[in-house]
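The residues of the chain are indexed from 1 along the displayed sequence. All values reported here derive from a predicted model rather than from experimental measurement. Hydrogens, waters and symmetry mates are skipped; everything else that's a heavy atom, side chains included, is used.
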Amino acid sequence: MELSEFIRECSKLNVRCAQSLAKKNLDFLIWAAPTASREAEDTIRWQPYYLKKKIWLKWIYFFSTVFVYAIVGIYRFFSYRGFHYEILKTGSKALLILPVEVTEGRALQGRSPYKTSYMIESAGENPVSKIDKLIFSRTEPIGIRRYELTVYKRIRIFMILFFTLLGDFFTRITKKESREAYFDSFAILFQWVITQRWFFHWDFYHFLRKRCGDGNYKVLVSVHEMSFYTKMIWQVAKEAGLLGVTAQHAMIYPEKLNFFPEVNEIAAGIPQPDIFFVYSPQMIDLLKPYFPKTQFLLGCSPRFNRWKDQKSWLRRCGDVKNLLFVSGVMFYDVTLLLTAIKKLRKADQRKNLKFWVRFHPDGEMRILDKLSVFWAHKLGKIEISKGHLEETLKQTSLVLGSNTTTLQEAILLGIPTLNIFHEDFLCADVLSLSKDSRIHLNHISLDDIYERMKATPDPKLIEDYKAYMGLYHPDFSTDLLYRVCGL
């Protein structure tokens, strides 16, 4: 089964369920469900290696986990107590909505509470450009607890979702349209329903409607682009006649499925932002067909603005060559890098290479990989990099990675790079502007390593990446927001 076929089947299921649930004002749940948000972190079913499996194996996997899903759902049914939130008011007509995980916390002496690296707050230079903040958490007990989904509502909504999905399933069976792709899309949505993961979605959406529909705000801002909760923000913004604004924080590639809704989902009203700040014209060309009513503007993420004045340099390597392996968020990024390290260490008979590993701070890792990392580090086979990225890069001869923008940041410094991929996983071509910088895991060799380390910085390529990363555009800040939105 091809991934494109699977996505099309998911979109059809989403549209049918959303249209059915719209009569009961529950369609917003479907647009925030995993079949619509399509985030790779949610399930292995998006991965090519899973799509290749036989249908009977998928059935066994599904039925063997249904009981576990049901137990989780029962536990959540009785234990769910809403979410926590805190609102910081400044009198602004713009509201920045953030999960607490992307902030620096409640109170840091001498700094504004819940400061985030996703947006520059310009209140110090321009008091007019203040912004209200809504900070929420599903686990951390901050501020006020929000809890509106009563037991009666849980039962009623669960029954509606369950029988809507079950009805669709039997309709597909009757019409003989229950293809393999449909089964996988049904399995994802069914798991989401019976594990009661939609509890937070319902509470959060209705909380936003009450909080933002009273005329106090003109603009709702989210910095997580197209995650599941932002779909509810755009839905509320549309219903309340407000502007929904977001800004690119991470690089966007075709492998990030949540950025690319299907045509039928767009026609059915999947929530989308009104204004989307992106890094480059290439991003606009990539996204515009999927966001027909969205206004795209150019801006630079605060995560990259530190590179605006950074200059590259020529390195002189000694007898020992330092290789830095950098992983992305997904578990298989670590697996690919550890496999590459094992292969290169075996081939490096003279022990000329030194292997450094730098993990994503929020990255996933399988238990076996954790054990491998622990023992490899303990035995001195690898070193784990935890310091400032710039300092680590200055000591690096070559950067190798999977699904990480650190490769692009290394290019800005003139450091040779290699992007490792494998067709069994969603591996983005993060070095699409570079020639011959993408290498299959099975083909990597010492010759490739030494050949790549000889590369010298290409000034034109560095300028191309600076433009691609938005370094020639204004920073995403409250000042920029005010100017664009006329606040």
Side-chain angles (χ1 to χ4, degrees), residues 1-15 17-18 29-62 64-66 68-69 165 178-195 197-198 201 224-231 250-266 270 286-287 290 327-336 360 362-366 369 402-404 419-430 441:
M1 179 175 61
E2 295 295 327
L3 178 60
S4 57
E5 179 189 356
F6 180 29
I7 292 174
R8 282 195 299 272
E9 203 62 51
C10 283
S11 71
K12 294 176 184 178
L13 177 61
N14 292 335
V15 170
C17 290
L29 289 175
I30 295 299
W31 298 130
T35 46
S37 60
R38 297 198 273 271
E39 297 186 56
E41 297 92 330
D42 283 340
T43 174
I44 61 171
R45 286 187 171 89
W46 302 116
Q47 300 301 326
Y49 79 87
Y50 179 85
L51 298 177
K52 296 176 185 177
K53 293 184 181 297
K54 301 292 185 182
I55 182 65
W56 61 271
L57 286 174
K58 295 180 180 180
W59 276 101
I60 291 175
Y61 174 71
F62 173 73
S64 65
T65 53
V66 164
V68 177
Y69 296 156
L165 187 55
S178 54
R179 296 185 293 270
E180 180 180 352
Y182 174 77
F183 167 73
D184 280 326
S185 60
F186 170 83
I188 292 177
L189 198 54
F190 184 80
Q191 175 188 346
W192 181 74
V193 170
I194 67 171
T195 54
R197 287 168 57 195
W198 51 270
H201 299 55
H224 257 164
E225 302 134 331
M226 296 306 295
S227 67
F228 77 91
Y229 77 87
T230 59
K231 302 286 182 62
M251 281 298 178
I252 299 172
Y253 309 101
E255 290 77 10
K256 292 190 175 183
L257 308 179
N258 52 324
F259 286 94
F260 304 97
E262 292 289 292
V263 173
N264 58 336
E265 292 176 311
I266 298 171
I270 187 171
L286 177 65
L287 296 174
Y290 302 92
S327 68
V329 174
M330 295 301 297
F331 73 90
Y332 55 81
D333 294 326
V334 176
T335 302
L336 293 180
H360 191 287
D362 299 318
E364 302 173 352
M365 197 182 306
R366 297 186 304 184
D369 288 338
S402 172
N403 289 317
T404 173
N419 180 25
I420 300 174
F421 77 97
H422 196 284
E423 68 275 2
D424 281 350
F425 306 103
L426 290 174
C427 296
D429 186 6
V430 298
L441 175 66

Taking the side chain as every heavy atom from C-beta outward, state whether [X] and [Y] have any atom pair closer than 4.5 Å.
X: K12; Y: N264; answer: yes
X: E423; Y: P48; answer: no
X: V329; Y: D362; answer: no
X: C427; Y: E255; answer: no
X: E39; Y: K256; answer: no
X: H422; Y: Y332; answer: no
X: L286; Y: F259; answer: no
X: L51; Y: E2; answer: no

Please report whether the ring centroid of [Y] lies less than 6.0 Å from that of [X].
X: F6; Y: W46; answer: yes
X: F183; Y: F62; answer: yes
X: H201; Y: W192; answer: yes

Does OH in Y253 sit with more than 12 non-hydrogen atoms of other residues, nucleotides or ligands closer than 6.0 Å? yes

If you draw a 6.0 Å radius around NZ in K54, do more than 12 non-hydrogen atoms from other residues or ligands fall strictly inside?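 Counting other residues, nucleotides and ligands, NZ of K54 stays at 12 neighbours or fewer.
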
S402 to N419 - nearest heavy-atom pair and separation: CA-OD1, 4.1 Å

From CA spacing to verdict: side-chain contact (heavy atoms from CB on, under 4.5 Å), L3, L257: CA-CA 10 Å; L3 178 60; L257 308 179; 4.1 Å; yes

Residues D424, Q47; criterion side-chain contact (heavy atoms from CB on, under 4.5 Å); working and verdict: CA-CA 7 Å; D424 281 350; Q47 300 301 326; over 6 Å; no

How many angstroms lie between atom [atom1] of [X] and atom [atom2] of [Y], to the nearest 0.5 angstrom?
X: F186; Y: C17; atom1: CZ; atom2: SG; result: 9.5 Å
X: I60; Y: T65; atom1: CD1; atom2: OG1; result: 11.5 Å
X: I266; Y: F260; atom1: CD1; atom2: CZ; result: 11.0 Å
X: M365; Y: S327; atom1: CE; atom2: OG; result: 6.5 Å
X: N14; Y: I30; atom1: CG; atom2: CD1; result: 6.5 Å
X: M251; Y: D429; atom1: CE; atom2: CG; result: 12.5 Å

Side-chain ion pair, [X] and [Y], N-O less than 4.0 Å:
X: K58; Y: E180; answer: yes
X: R197; Y: D42; answer: yes
X: E262; Y: R8; answer: no

So does L426 get a backbone contact from the side chain of N403, meaning a donor-acceptor N/O pair under 3.5 Å? yes

Whether the side chain of D184 engages the backbone of A181 through a donor-acceptor N/O pair (distance < 3.5 Å, no angle test) should be reported.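 No, because the side chain of D184 does not come within donor-acceptor range (under 3.5 Å) of the backbone of A181.
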
Verify side-chain hydrogen bond (donor to acceptor under 3.5 Å, both in side chains) between Y69 and Q191, making sure each step is shown before the conclusion. CA-CA 7 Å; Y69 296 156; Q191 175 188 346; 3.2 Å; yes

Intermediate values then yes/no, side-chain hydrogen bond (donor to acceptor under 3.5 Å, both in side chains), D369 and T335: CA-CA 7 Å; D369 288 338; T335 302; 2.6 Å; yes

Return the orientation label for the F425 and F331 ring planes: parallel under 30°, perpendicular over 60°, tilted otherwise.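 Because their plane-to-plane angle is over 60°, the rings of F425 and F331 count as perpendicular.
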
